[in-house]
Every structure is written in structure tokens, then in C-alpha cells.
Amino acid sequence: MGGSIQWLIGRDDWAYSVLFARGITPEELALRMGGVPDSVLSPITGMEAWDLATDFDTDDEHVVRVGVSGGWSFALKYGFPTGVDRLAEIARDSVEVVHLDPQPDHPPKQFAYARDGVEVCSFGIGEEAWRWGRLPDFLLNELVQNGVLFPDGTNARPDNEPFRDAERDTLTLLEARFGLSLPCDVEERQLPAFVLR
């Protein structure tokens with residue numbers, strides 16, 4: 001599978017979290033996220049995952065579909081957004097994790113990066129001036145070089161810049177920095193799936 005990740009910004013219906021993990025298989029990624037083996041008759045499409053996720057009685061259960069793209073395992077998480085829970089745990093034992101969460105009910109979209117069991121850096125996409133984590137300035141050089149922030153970490157974008165342009169610029173930067181890709185037809189593809197509990 002190949003592609004970019006910038007296309008996610010153009011989708012009005014982007015409502016699933018995307019986790020990329022380098023250093024583990026897709027199946028191990030699902031298990032570290034809380035996936036229950038053999039809990040879903042796989043493979044399934046994104047629409048089938050949404051159907052399963054909306055049938056759950058609680059917000060504590062989700063469906064995740066997994067695959068590989070660009071040297072990273074990825075997981076698409078369907079259900080009520082839960083942010084970056086378990087990110088450090090997923091990133092244990094020298095694993096790197098990038099989390100993109102669209103936060104459709106509570107913008108802005110979120111980025112988080114963890115490695116070796118540590119939440120390194122996070123920020124809102126479009127609100128990069130407010131960063132947190134063990135090393136909040138981890139991506140400061142890239143954010144400055146791409147005109148997102150000034151060297152002091154403050155916003156360098158014009159106030160009237162369309163939000164989708166700003167979001168696309170940041171996703172372009174993240175794509176290049178980490179080598180991320182996700183095929184734009186991933187929702188139609190049949191992928192292995194797990195219930196998360």
C-alpha cells in the first residue's frame with residue numbers, strides 16, 4: 001500500500017483515528033491497543049467497521065482495522081474518539097507511534113508522537129504553538145522551516161489563512177518527517193479487524 005496522508009484533510013467524513021507504528025506488526029499494534037484476537041470476522045471494509053462500532057452498547061468499545069503502508073503498520077480506529085490513551089504503552093520496546101485524531105466533535109485535529117514508552121510531542125493541527133509532551137519542541141525546526149511557527153515557537157501563519165490549508169501544510173510536514181503514507185482508498189479495502197476493549 002502506498003500514498004500520502006494529506007488527502008485526509010480534504011475528507012469531510014474523516015472521523016476515525018489513525019495510528020502508525022514502526023517496529024511492530026499490524027496485529028501486534030492491534031493487540032497493544034487492546035484488540036481482542038478473533039473478535040471480528042475479517043477482513044472488513046471501513047463501512048463494515050463503522051456498522052460494528054455503532055452497534056456497541058458503550059463508548060468503551062471500538063473497532064480497529066490494521067495494515068501496512070510505507071514501512072509503518074497502521075490502525076484505523078472506529079468509534080467514540082478517545083484521544084491518545086495507551087500511546088506510551090503502544091510505543092514500548094523501541095517502537096515509534098504517530099497518532100492522528102480528527103476530533104470531529106472537539107476540534108482541532110490532534111497529532112501525537114511517542115517512542116520507547118514516552119509521549120514525546122503532541123499538538124493540535126492548526127494550533128502548533130501550543131505543544132506538550134516530554135520534548136514539546138521535538139518538531140520545532142521542521143515547523144519553523146515550513147513556515148508554521150517562528151523560531152520562538154509562536155504562530156507564523158497569517159490569521160486569515162484557510163484552516164484546511166494550514167492543516168494540509170502540517171500533514172505535509174508530518175508525512176515528510178516520518179515517511180507516513182495511507183492509501184486514499186483505505187476505507188474500501190478489506191483489512192483485518194479487531195474489537196478493542
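Worth knowing before you read on, the calculation uses all heavy atoms, side chains too, and leaves out hydrogens, waters and symmetry mates.
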Heavy atoms, side chains only, cut-off 4.5 Å: are [X] and [Y] in contact?
| X | Y | value |
| --- | --- | --- |
| Val95 | Glu28 | no |
| Asp93 | Arg32 | yes |
| Val148 | Arg157 | yes |
| Ile5 | Val18 | no |
| Leu182 | Leu76 | yes |
| Val186 | Leu191 | yes |
| Arg131 | Leu149 | yes |

Compare every heavy atom of [Y] with every heavy atom of [X], then report the nearest pair and how far apart it is.
| X | Y | value |
| --- | --- | --- |
| Glu48 | Gln190 | OE1-NE2, 4.1 Å |
| Ala88 | Val118 | CB-N, 4.4 Å |
| Ala156 | Gly147 | CB-O, 3.6 Å |
| Cys121 | Phe123 | SG-CD2, 4.1 Å |
| Ala75 | Val64 | CB-CG2, 3.4 Å |
| Arg86 | Gly34 | NH1-CA, 3.3 Å |

Mind checking whether [X] and [Y] sit in one hydrophobic cluster, side chains of I, L, V, M, F, W, Y counted as touching below 4.5 Å?
| X | Y | result |
| --- | --- | --- |
| Trp7 | Phe163 | no |
| Ile44 | Leu31 | no |
| Leu19 | Val36 | no |
| Trp14 | Leu174 | yes |
| Phe178 | Leu135 | yes |

Nearest 0.5 Å, what's the [atom1]-[atom2] distance between [X] and [Y]?
| X | Y | atom1 | atom2 | result |
| --- | --- | --- | --- | --- |
| Ile24 | Trp72 | CD1 | CH2 | 10.5 Å |
| Ile90 | Glu119 | CD1 | CD | 9.5 Å |
| Leu171 | Phe111 | CG | CZ | 10.0 Å |
| Ile125 | Leu100 | CD1 | CG | 5.5 Å |
| Lys109 | Leu8 | NZ | CG | 9.5 Å |
| Thr45 | Trp50 | OG1 | CH2 | 12.5 Å |

(message) Using the side chain to side chain donor-acceptor pair (under 3.5 Å) criterion, which residues pair with Thr25? Sequence neighbours excluded.
(response)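 So Thr25 forms no side chain to side chain donor-acceptor pair (under 3.5 Å) with any residue.
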(request) Might you work through the side chain to side chain contact (heavy atoms under 4.5 Å, CB included) test for Phe20 and Glu96, ending with a clear yes or no? (result) CA-CA 8 Å; Phe20 294 94; Glu96 287 182 275; over 6 Å; no
(message) Does atom CZ (Arg134) have a neighbourhood of more than 12 heavy atoms from anything else shown, all under 6.0 Å?
(response)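 No.
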(request) For atom CG of Asp38, decide whether the heavy atoms of other residues, nucleotides or ligands shown that lie under 6.0 angstrom number more than 12. (result)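 No - once you tally the heavy atoms of other residues, nucleotides and ligands closer than 6.0 Å, there are 12 at most.
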(message) Is the distance from the ring center of Phe138 to that of Tyr113 below 6.0 Å?
(response)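 Yes.
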(message) Determine whether a donor-acceptor pair (N or O, by modelled atom type, separation under 3.5 Å) exists between the side chain of Ser69 and the backbone of Ser181.
(response)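 Indeed, once roles are kept as given, a pair shorter than 3.5 Å links the two residues.
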(message) Quick one: does any side-chain atom of Glu175 pair with a main-chain N or O of Ser4 as donor and acceptor, under 3.5 Å?
(response)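 No; zero donor-acceptor contacts below 3.5 Å.
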(request) Using the side-chain contact (heavy atoms from CB on, under 4.5 Å) rule, pick out the option among Met33, Gln110, His62, Lys77 that qualifies with Ser17. (result)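 Only one option passes, and that is Lys77.
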(message) Looking at Glu187 and Arg65, is there a salt bridge between them, counting it only when a charged N and a carboxylate O are closer than 4.0 Å?
(response)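 Salt bridge between Arg65 and Glu187, a charged N being under 4.0 Å from a carboxylate O: yes.
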